[in-house]
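In what follows, chains are A, B, ... by sequence order, proteins preceding strands, each numbered from 1. For clarity, every value in this text was computed on a predicted model and none was experimentally measured. The figures here come from the full heavy-atom set of this structure, side chains too, leaving out hydrogens, waters and symmetry mates.
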Amino acid sequence: MTSPLLTGLNAEQRAAVTLPRQSALILAGAGSGKTRVLTTRMAWLIQTGQVSPQGLLAVTFTNKAAREMLARLSTLLPINTRGMWIGTFHGLCNRLLRAHFREARLPQLFQILDSQDQLSAIKRVMRALNIDEERHAPRQVQQFINGHKEEGRRPAAIEPFDMHSRVQRDIYIAYEAQCQKEGVVDFAELLLRSVELLQANESIREHYRARFPFVLVDEFQDTNRLQYVWLKLLAGSENAVFAVGDDDQSIYGFRGAEVGNMRDFERDYGLTEIIRLEQNYRSFGNILDAANALIRHNQGRLGKNLWTTAGPGQPIRVFEAGSDGDEARFVVEEVRALLGDGLALSEMALLYRSNAQSRVLEHALFSAGIGYRVYGGLRFFERMEVKHALAYLRLAANPDDDGAFLRVVNFPPRGLGARSLETLQSHAASAGQSLQQAARHVALSGKAATGLNTFLLCVDRLRATAEAVPLAELVSAMLEESGLVQHYRQEREGADRVENLEELVAAASGFENDSELSDLAAFLSHASLEAGEHEAAPGADALQLMTVHAAKGLEFQAVFVCGLEEGLFPHENALSEADGLEEERRLMYVAITRARQRLYLTRAESRMLHGQVRYGLRSRFIDEIPESLCRWLSTAQPAWKSSDRFLTAMPKREATTPARSEERPFANQPFRIGQSVSHAKFGAGVVLKCEGSGGDARVQVNFRDAGVKWLALGFARLTPS
DNA sequence: TACATCTTTATTTTT
DNA sequence: TAAAGATGTA
């Protein structure tokens, strides 16, 4: 008798779901039913009595993924998922550290710094140490600190190799001390503290190992070193780790993700086999063939080939536009055509490598009256006014939080200038107190400015209110007491901000606290750990615009991948990084595999970038896709045929055929700007500039591999390509 | 403190 | 180009 849980699963999925109690690596291709396998596995383990819901630990990277897992699990089984350990690495670490705050040497109400908060904390440390921000960019320092933390290194374990790294290490030391004193932890610290807690404390470690016989990990290819160490501490040899991932979709290496963890996992847990989920339920064959062909250019893969029973479907449409504007207009035309075919706007996506590309696309869409939605940008809890409001709440919860103090002590303005804060800071430093303590000291002596007194009274009232009323009421009171709402009401463009502040009250009243903490403390954790949706404006049917990174995990009926030019995608910066090109290729792989029915690949011969026109070569990624899967559409035809230019299938060669003579600076010159050329030594390139004529003619060429060079046409053997 | 003007810089960013 | 950050002026 088979469980209804297993119906509809293919053989590999079923094998994965019903694995006995052992560690396993599931290599899950794009669109292969990864989440289904993960959630069904959990349901299966519970239903077959192998574990109780409390004995499962499932970890994801995003809150969204965690929520989805939870939601799908409860549709599979009628269980109460409350209290289950399903969450993000950071969320679960937060839980762990709250439960063992003493052993972790943290105050019970420690606050969590998001990246913004961390950066300003680092700047504060640097100012205190009198370190020049010109010589040591705070952002670099932030990367230095996070990089080391993610490798599990405290300052003592760092060997400085020059002055620069020595200074950075010193900042790291002072930053740690400051965080400890203020009772705050950054994202990486959540992980590192948890790891150290588990390492140092055998009884705690054994407690969790006994509690969670089954550990499941989503998007395993995105784990960094520290997260893997964390996993190994929670799951010893007796525990069964079910890790699901896809090395071909590893696109966060630049943030410290370590694909090598997959190989290490195989070795460390003595895995004998990998289960591959290769049947794809999302895309038509041509799209999958393109993805497979592309990714085969990468070395050292675990190896995987996507297939489908859906048939080949439509060819992949490739379009080479003259300019970024033309590219955008082509997209508009095609979107209109797809709308005519009955596709909803929200079923179509425009993907690009970098956010700056959205501008031209948006402009064209706006002119055409096509509704669109851009992902990215600030999220709810990252907005300035919301951060200000949260700072008041943080001060009510934790009087030592100097970051919060500095953020709002003079906001709304209370006449406290830089000099009064400076004296306050030196008072605090010499007395070893927090700013709030020092401020109270000054206030008691009667020498404080009225603004400071007002502020301290406000914080006092908030602290008292926090104990007495429900969270939403506290937030509402805070908005009034602090003067934030009043301040933004007066401001000319403050209406949105007021609205966001009111939204914060709504968020507080809808907040469900499933922790042991007070509502306020839990809400503050929530605000740091879950910054909210990226620019959520749901409801309306709109075309989806986002970076390829943001598209990971999503799918659309039609996908446009725009800006497929050398230097942009693959990005030029990536070429100089170790594994950079391969990561770019994986990114392209992710982009392609988002499409269900229709895939468009577009590029522009010229593009406005940093205020300058740039000429890029066609991306190598286009060339890595077999021509037999593609249909080339081209604009590079005589103008009189332009009425049907989008419908004409063109062979590849003709697509780049140059061009009208008026584009040439000199009529007798053999090369024009933007033309693709090849050179015996330097290889493929594109013409940037033409100068002179006849025997003196020179051209500047941007070579794919050799960079920008001037060539004298009298000598150089340059041929059109 | 607020506003204007200048300089600088420009991938991607789950938490 | 155009946005953010730093510096200068009323």
Side-chain angles (χ1 to χ4, degrees), chain A residues 59-68 87-94 112-119 123 133-134 137-139 142-143 146 149-150 185-192 218-219 221-224 226-227 249-257 324 351-357 359-360 363 375-379 381-382 410-420 451 491 525-534 546-554 563 567-577 580 583-584 586-588 590-591 607-614:
Chain A
V59 59
T60 63
F61 277 86
T62 65
N63 294 296
K64 199 174 150 206
R67 274 196 302 271
E68 192 184 337
T88 63
F89 278 99
H90 296 84
L92 296 180
C93 284
N94 183 41
I112 301 165
L113 303 184
D114 68 14
S115 309
Q116 274 180 49
D117 299 333
Q118 184 190 30
L119 186 62
K123 284 182 180 167
E133 292 192 8
E134 299 278 272
R139 278 189 191 284
Q142 186 179 26
Q143 282 188 6
N146 289 340
K149 284 192 179 185
E150 281 162 12
V185 298
D186 58 47
F187 287 141
E189 186 73 24
L190 284 171
L191 259 303
L192 185 50
D218 189 21
E219 305 275 18
Q221 77 283 353
D222 289 338
T223 52
N224 63 34
L226 191 56
Q227 285 159 340
Q249 291 189 70
S250 162
I251 56 174
Y252 285 104
F254 70 94
R255 278 179 111 260
D324 46 359
L351 308 184
Y352 35 79
R353 176 64 240 265
S354 68
N355 289 303
Q357 287 169 255
R359 189 179 312 282
V360 187
H363 180 77
Y375 285 76
L378 277 192
R379 295 183 292 178
F381 284 110
E382 292 168 351
N410 194 38
F411 195 92
R414 301 187 177 88
L416 293 164
R419 74 209 162 281
S420 47
E491 220 171 51
S525 293
H526 167 79
S528 301
L529 291 175
E530 186 161 4
E533 289 289 304
H534 259 305
M546 66 192 85
T547 62
V548 182
H549 282 93
K552 192 178 161 208
L554 305 178
L568 192 59
F569 197 1
H571 197 277
E572 54 194 348
N573 296 359
L575 300 181
S576 55
E577 293 162 11
E583 181 150 316
E584 294 289 300
R586 293 192 290 267
L587 196 53
M588 181 68 183
V590 168
R607 173 179 303 278
M608 189 64 103
L609 209 65
H610 309 329
Q612 278 193 317
V613 178
R614 295 240 316 214

Atom pair distance, as rounded to whole Å: CZ in A/Phe381 and C1' in B/dT15
15 Å

Winner on side-chain proximity to A/His571, out of C/dA2, B/dT14, B/dT11, is B/dT11

Respond yes when some side-chain nitrogen or oxygen of A/Thr547 is under 4.0 Å from OP1 or OP2 of B/dT13, and no when none is.
yes

Residue pair A/Gln221 / A/Glu219, side-chain donor-acceptor N/O under 3.5 Å:
yes

From the candidates B/dA2, B/dT11, B/dT15, the one with an atom nearest any side-chain atom of A/Thr88 is B/dT15

For B/dT1, take OP1 and OP2 only and decide whether either is under 4.0 Å from a side-chain N or O of A/Asn410.
yes

Any base atoms under 4.0 Å from A/Leu416, or only sugar-phosphate, or nothing? Heavy atoms, all strands.
sugar-phosphate

Candidate nucleotides C/dA6, B/dT11, C/dT1, ranked by approach to the side chain of A/Glu577 - the nearest
B/dT11

Taking atom C1' in both B/dT12 and C/dG5, what distance in whole Å separates the two?
22 Å

To the nearest Å, how far apart are A/Phe411 CZ and B/dT1 C1'?
13 Å

Taking only the side-chain heavy atoms of A/Arg353 (C-beta and beyond), determine which of B/dT14, B/dT15, B/dT11 contains the nearest atom.
B/dT11

Residue met sooner reading DNA chain B from 5', once A/Glu150 and A/Glu583 are mapped to nucleotides:
A/Glu583

Have a look at A/Tyr252 and say if it touches a base, only the backbone sugar-phosphate, or nothing, with a 4.0 Å heavy-atom cut-off.
base

For the residue pair A/Gln118 and A/Gln142, confirm or rule out a side-chain donor-acceptor distance under 3.5 Å.
yes

Rounded to whole Å, CD of A/Glu133 lies from P of B/dT9 at a distance of 14 Å

Looking at A/Lys149 and A/Glu189, is any side-chain nitrogen of the basic one under 4.0 Å from a carboxylate oxygen of the acidic one?
yes

Classify A/Ser115 by what it touches in the nucleic acid, base, sugar-phosphate, or nothing, heavy-atom distance under 4.0 Å.
base

Would you confirm whether the ring centroid of A/His549 sits within less than 6.0 angstrom of the ring centroid of A/Phe254?
yes

Residues A/Asp222 and A/Ala257: closest non-hydrogen pair is O-CB, 3.4 Å

Spacing between A/His549 atom NE2 and B/dT11 atom P, to the nearest angstrom:
13 Å

Heavy-atom count around A/Arg67 CZ within 6.0 Å, excluding the residue itself: above 12?
yes

Name the nucleic acid region contacted by A/Gln357, choosing base, sugar-phosphate or nothing; use a 4.0 angstrom heavy-atom cut-off, strictly under.
nothing

Donor-acceptor pair, distance only, cut-off 3.5 Å: does the side chain of A/Glu584 make one with the backbone of A/Phe569?
no

So, under a plain 3.5 Å distance rule, would you say the side chain of A/Arg255 forms a donor-acceptor pair with the base of B/dT15?
yes

Using the six-membered base ring of B/dT11, report whether A/Phe254 stacks on it, requiring centroids under 5.5 Å and planes under 30° apart.
no

Can you tell me, in whole Å, how much space there is between the C1' of B/dT11 and that of C/dA6?
24 Å

For B/dT11 and A/Asn355 - does any side-chain N or O of the residue sit under 4.0 Å from the phosphate oxygens OP1/OP2?
no

Nearest to the side chain of A/Ser354, which nucleotide is it out of B/dT12, B/dA10, B/dA2?
B/dT12

Nearest nucleotide by nearest heavy atom, which residue falls closer to the 5' end of DNA chain B, A/Glu530 or A/Leu587?
A/Leu587

Between P of B/dT14 and CD of A/Gln249, the distance in whole Å
17 Å

Value in whole Å for how far the P atom of B/dT13 lies from NZ of A/Lys64:
14 Å

I need the CD-P distance between A/Glu134 and B/dT8, as an integer number of Å.
9 Å

Using a 4.0 Å heavy-atom cut-off, does A/Gly553 contact any base of the nucleic acid, only the sugar-phosphate backbone, or nothing at all?
nothing

What is the separation between atom CG on A/Asp114 and atom P on B/dT13, rounded to the nearest whole Å?
16 Å

